[in-house]
Amino acid sequence: MALNIQHTDPSKLTRDDFTSNQETRWCPGCGDYSILAQMKKVLPDLGVPKENIVIVSGIGCSSRFPYYVDAFGIHSIHGRAPAIASGIKLANPELKVFVMTGDGDGLSIGGNHFIHLCRRNIDITVVLFNNEIYGLTKGQYSPTSLKGQVTKSSPYGTIENPFNPIRMALASGATFVARSIDREAKHLVEILRRAAEHKGVSFVEVYQNCVIFNDGAFSELTDPKTKKDHVVYLEDGKPMIFGQNNDKALDWKCNSYEIRDLNKNSNTDDLLIHDESSGHAAAEFALASLHEIPGMPTPIGVFRDDKSEETYEEGLINQMHEVTEKKGKGTLEQLLYSGKTYTIE
Amino acid sequence: MSEKQTKELERVTIRFAGDSGDGMQLTGSQFTDTTALAGNDLITLPDYPAEIRAPAGTLYGVSGFQIQFSSHPVHTPGDEPDVLVAMNPAALKVNLKILRDNGIIIVNTDSFTERNLKLAGYETNPLEDDSLKGYQVFPVKITTLTREALKDSPLKLKDKDRSKNFFALGITYWLFTRSMDATLDWIKTKFKKHPEVVEANITALNAGYNFAHSTEIFATHYRISKAKKRPGTYRNVTGNEATAIGFIAAAMRADKELFLGSYPITPASDILHELSKYRNYGVKTFQAEDEIAGIGSALGASYAGDVAITTTSGPGIALKSEFMGLAVMTELPLVIVNVQRGGPSTGLPTKTEQADLLQVLYGRNGEAPIPVIAADSPADCFRAAYEAVQVAFKYTTPVVMLSDGYIANGAEPWYLPKIEDLPEIEIEYATNPENYSPYSRDPKTLARHIAIPGTPGMEHRIGGLEKDDSGNVSYDPDNHDRMIRLRAEKVQKVNDFVKQPQIDGPEKGDLLIVSWGSTYGAVFNAIEEIREKGKNTVSWIHLRWINPLPKTLGKYIHNFKKVLVPEINMGQLLRVIRAEYLVDAQGFNKVRGLPLNTHDIVDAIESQLKG
C-alpha cells in the first residue's frame with residue numbers, strides 16, 4: 001500500500017548517499033566491486049527517492065550486495081529473492097525493486113522463481129553476477145560452468161551442459177534482456193541504467209570474474225589484445241560490426257548468423273541492423289546462442305527491449321479498480337453479512 | 001394416497017453417498033444450506049476421494065457428505081448416520097458399517113445392476129438377501145423416475161441422468177419437511193446460462209419431493225424444530241470460507257491491504273479461491289509458482305507493509321520451512337495457514353488429520369519458535385484467522401494457524417459478529433529516523449520496530465544472518481545466545497495478550513482431558529455424555545494457542561490423577577505435554593483420516609476412570 005508521506009527529493013542524490021556504513025568484504029580484485037560501483041552511479045540518477053529503493057538478494061557472494069548500499073534491503077535465503085521481490089513490488093508498486101543474484105542462486109536453486117518472474121513481467125530489475133562457479137561454497141561447478149570444466153566437485157571435468165542465461169530470460173518472456181562485463185565500466189553503467197529505467201522485468205547478465213575460483217573465465221572478452229575479435233557490441237539501429245579493425249560484421253543468412261569479412265566486401269548497407277524491439281524470435285535466439293558456436297563473437301549489450309507489455313502490477317491494479325467499479329468498494333458490513341444470512345430471534 | 005404421519009425429532013444425521021461424479025457434495029451442501037435456513041444447528045463432514053472422477057461404481061470412488069442437524073446444539077457431524085442415501089451398491093457397501101442399527105437406507109435400485117454389484121464386491125444383491133435386515137430400506141428407482149419426469153426435456157439421456165441427485169434431494173426435503181425455495185433459487189442462478197438444465201434440475205427436485213409425498217413407501221416424515229440458538233444473524237459457512245473472511249476482516253480493521261501468496265493444494269485451495277473473489281476489498285491474491293514462492297512473496301509483501309498470509313497443507317509446510325525460519329529471523333508479521341490433511345508424504349489429501357503439530361512447532365533448522373493457534377470448528381476459523389493477524393503484528397512474528405480437512409470443508413452456522421465488536425488492529429511502523437535501529441524493541445512485547453520501504457530516512461538492511469540489536473550482522477557467541485532467548489521469550493509473551501483457556505469442570509479431580517483443534521466438538525459431546533452418566537470428576541481444557549501453552553496448564557495438569565489427550569495423530573500434543581510438565585499423560589489416538597467419534601472418546605475416558 002502506498003504511503004501517504006512526503007518523500008525526499010531524488011534530484012539531490014549522489015553516489016555517496018548510497019554508501020552504507022558496512023565494510024565491503026568481497027575478495028580483493030573481485031568483479032563484484034565494479035558492479036557495486038556502477039550501481040552506485042545509476043541509483044542517484046533514477047529520479048527515485050532513496051527510501052523507495054529496495055535491494056533483495058539470496059545467498060552467495062553477489063547476495064552480500066544489499067549490505068553495501070544504503071537503501072532498503074533484504075539478504076534473504078538461497079534462490080528466493082525473486083519471490084520476495086515480487087511480494088514487495090505488489091505490496092507497494094511505487095518502490096523500485098532490484099534483485100541481485102548469481103549463477104548458482106538465480107539459475108540453480110532459484111531457477112524456478114527466475115523464469116516465473118520473467119514471464120509475469122513484474123517491474124523488477126534482476127542483475128545476475130555470472131562467474132560460472134560457486135564462490136561462497138568455495139569452488140564447485142555452477143549451472144553456467146562450461147562442460148568439461150574442472151572444479152572442486154568435478155575433478156575430472158563437469159559432464160553437464162551449461163545454461164545460457166540470456167536464452168533462458170528471452171524464452172521465459174523477460175521484456176528487457178541484456179549482457180555486460182564487470183571490466184567494461186562504461187558499458188555496464190549504461191546497461192544497468194537502461195535496465196533500471198525499464199518498466200517490466202529487466203534482466204542483466206554481468207560476466208563477473210571470480211579471482212579465486214575461476215580467474216580469467218572471461219579474459220578473452222576483456223583482454224585488450226583479444227577482446228575486439230571476441231566481443232560484438234549490440235547497438236540498437238546499427239549493424240553488428242566488430243574485429244581488430246572493425247573489419248567483421250554479423251550477417252543474417254538462412255536463419256543464422258555468419259561473419260562477413262569487410263575487407264573482402266566492404267558494403268555494410270545490406271547488413272542486418274540490430275533491433276532490440278523486433279520481437280523476432282529466431283534472430284533473438286540466434287544472437288543469444290552466438291558465442292556457443294566456435295569462432296563466433298560474444299554479443300554484449302541489449303538483446304531485447306520490449307516496452308509494449310503491461311506489467312503484472314498494472315494488471316493487478318487495473319483489475320482491482322475494475323472490480324471495485326463494478327461491485328463497489330467492499331465494506332466490513334458487506335463482507336460479513338452477505339451470502340445467505342438468517343436471523344434467530 | 002395414504003395418510004402420512006409427521007414425527008418430531010430432536011437430532012438427525014444423514015449421509016449422502018454415491019459415485020464421485022454423482023454430485024453428492026453438491027446435494028449435501030444444498031441440504032445443508034436449506035437446513036441452516038430452517039434454523040437448525042448443524043455440522044457437516046464432506047468425505048470424498050482424491051480422484052476427481054474415479055471410475056464409476058468402484059468402492060474407492062465413493063463420495064460421501066454427512067450432516068448432523070438438530071433443534072439442540074450440534075458439535076459434530078455425528079458418529080453414526082440415521083439415514084443413508086446410497087446412489088449405488090459401492091456407496092451402500094462403504095457406508096453400511098457406520099449406519100446405526102435400524103437406520104433408514106434410501107437406495108437407487110436402478111444402479112444395482114450385475115456390473116455395479118460386482119464392482120462393489122457383492123456376490124449377491126444385498127437388496128434381495130438378508131444383509132440389510134435390521135435396517136429400514138426404502139428402495140426407489142431414482143434413475144427411472146428421473147428419466148420419466150424429464151421425458152419432455154430436450155436434454156440427452158446422459159445429461160438427464162445427471163439430475164438424479166436432485167430427485168434424491170427432493171425425497172430428503174419431503175422426508176424432513178423442508179422448504180425447497182433456497183435450492184430452487186440456487187439452481188436458477190447456478191445454471192442460468194443453460195435454461196434447459198435449470199428446467200431439468202427443478203423438475204427432478206420437484207418430482208423427488210412429490211414422489212416421496214405420494215408413494216406408499218414413505219409413511220412418515222419428520223420435523224426438527226428450530227434450534228434455540230443465541231439470537232442474532234447467522235450464515236452457514238465452511239472453515240475455509242471463514243478463514244478467508246477472517247483475514248479480510250483483520251486487514252480491513254487494520255486499514256491495510258491483504259496479500260495472499262499461495263500455491264494450490266488440497267484441502268487449502270478454497271481459501272485461495274475465496275480470497276481471489278475479493279479484489280474490491282483491497283485483496284491481492286498471488287498464485288505463486290510453488291509453495292516456496294507462496295510464502296516468499298507473502299514475506300516480501302509483509303516487509304513492504306501489507307497484511308500478508310500464505311495458505312497450504314502439510315506437504316507445503318515442508319517446503320515453506322526455510323522461509324518460516326527467515327520470517328522468525330527477520331521478525332516480520334506473517335500468518336501461515338496449515339489446513340492439515342492425512343500424511344505422511346502425499347498421504348490422504350482429502351482426509352483430515354492432526355499430525356502436523358510437531359512439524360509446525362519444531363520443523364525448522366535452528367531454534368525457530370513460532371506461535372501456533374488452532375481453530376476448533378468451521379466458524380471458529382474466522383476468529384482464529386483474525387486473532388492470528390493480531391498476534392503477528394503485535395509481536396512482529398510469523399504465526400501458524402492450524403485448521404484441518406474436516407473443519408476446512410465442513411460447515412456450520414456462524415453467529416455473525418457485530419462490526420463494532422471486532423477488535424481494533426493497530427499497526428504502527430517506525431517513522432522517526434533519529435537513532436533508528438531495526439532490532440530495537442518494544443520493552444513490553446519485545447516486538448521489533450519495523451520500518452517499511454518508502455519511509456524517508458529509515459533505510460536499513462535485514463536478512464537471515466544473525467545480527468545484534470543494531471541490525472548489523474554479528475557472529476558474537478554471546479549475542480547469538482541472547483538473540484535466541486529473546487526470540488523465544490517474545491513468543492511466550494503472546495500469553496500476555498491472548499485469552500487463557502478456561503477449565504471446564506472442577507479444578508481438581510480424577511481425570512483432565514486436554515485437546516486442541518477440530519476434536520473440540522467430539523470431546524464436548526463426550527464430556528457431556530460422561531457427566532450425564534454422573535461422573536463429575538472429569539474436567540477438560542481445550543487449547544487454542546499451542547505455542548505458547550497456557551500459563552495455567554501446568555497447575556491444572558498436576559491437580560488431576562490422570563491426564564488424557566485425544567488426538568487424530570500418534571500423540572503429538574501428548575509428547576509436548578509429557579515433556580513440558582513431566583506428567584504420565586496418556587493419549588487416545590485414532591488416525592483414520594476422519595474426525596474422532598464421540599463414543600470412542602467416551603470409552604477412552606471410562607477406561608481411564610476404571611484403570
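Chain letters run A, B, ... following the sequence lines, proteins first and then strands; every chain starts at 1.
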_In the structure I gave you, are the side-chain heavy atoms of A:V54 and B:Y303 within less than 4.5 Å of one another anywhere?_
yes
*State whether B:R279 and A:E322 are salt-bridged, where the test is any N-O pair (Lys NZ or Arg NE/NH1/NH2 against Asp/Glu carboxylate O) under 4.0 Å.*
no
*Return the option, out of B:G261, B:P456, B:G463, B:A298, with the maximum number of heavy-atom pairs under 4.5 Å with chain A.*
B:P456
*Which atoms of B:Y415 come close to chain A, meaning under 4.5 Å heavy atom to heavy atom: side chain ones, backbone ones, both, or neither?*
neither
*Donor-acceptor contact below 3.5 Å, side chain A:R80 vs main chain B:I292*: no
*Under 3.5 Å, is there a donor-acceptor pair between the side chain of A:K327 and the main chain of B:N280?*
no
*Top residue by heavy-atom pair count (under 4.5 Å) with chain A, among B:I248, B:I295, B:T285?*
B:I248
*Under 3.5 Å, side chain of B:R235 to main-chain N/O of A:S338, donor-acceptor pair present?*
yes
_If we define contacts as heavy-atom pairs under 4.5 Å, which of B:I462, B:L465, B:D33 has the most with chain A?_
B:I462
*Against chain A, label B:Y234 side chain, backbone, both or neither, depending on which of its atoms sit under 4.5 Å from a heavy atom there.*
both
*Relative to chain B, which segment of A:V69 carries a heavy atom at a distance below 4.5 Å: side chain, backbone, both, or neither?*
backbone
_Just checking A:Y33: does its OH atom have more than 12 heavy atoms from other residues, nucleotides or ligands closer to it than 6.0 angstrom?_
yes
*For A:F72, does its backbone N or O pair with a side-chain atom of B:E459 as donor and acceptor, under 3.5 Å?*
no
*asked:* Taking the side chain as everything from C-beta on, heavy atoms only, tell me whether A:I74 gets closer than 4.5 Å to B:R461.
replied: no
_So for B:M252, is it side chain, backbone, both, or neither that comes closer than 4.5 Å to the heavy atoms of chain A?_
side chain
*Is it the side chain or the backbone of B:L416 that comes within 4.5 Å of chain A heavy atoms, both, or neither?*
both
*Is chain A contacted by the side chain of B:S302, its backbone, both, or neither, given a heavy-atom distance below 4.5 Å?*
neither
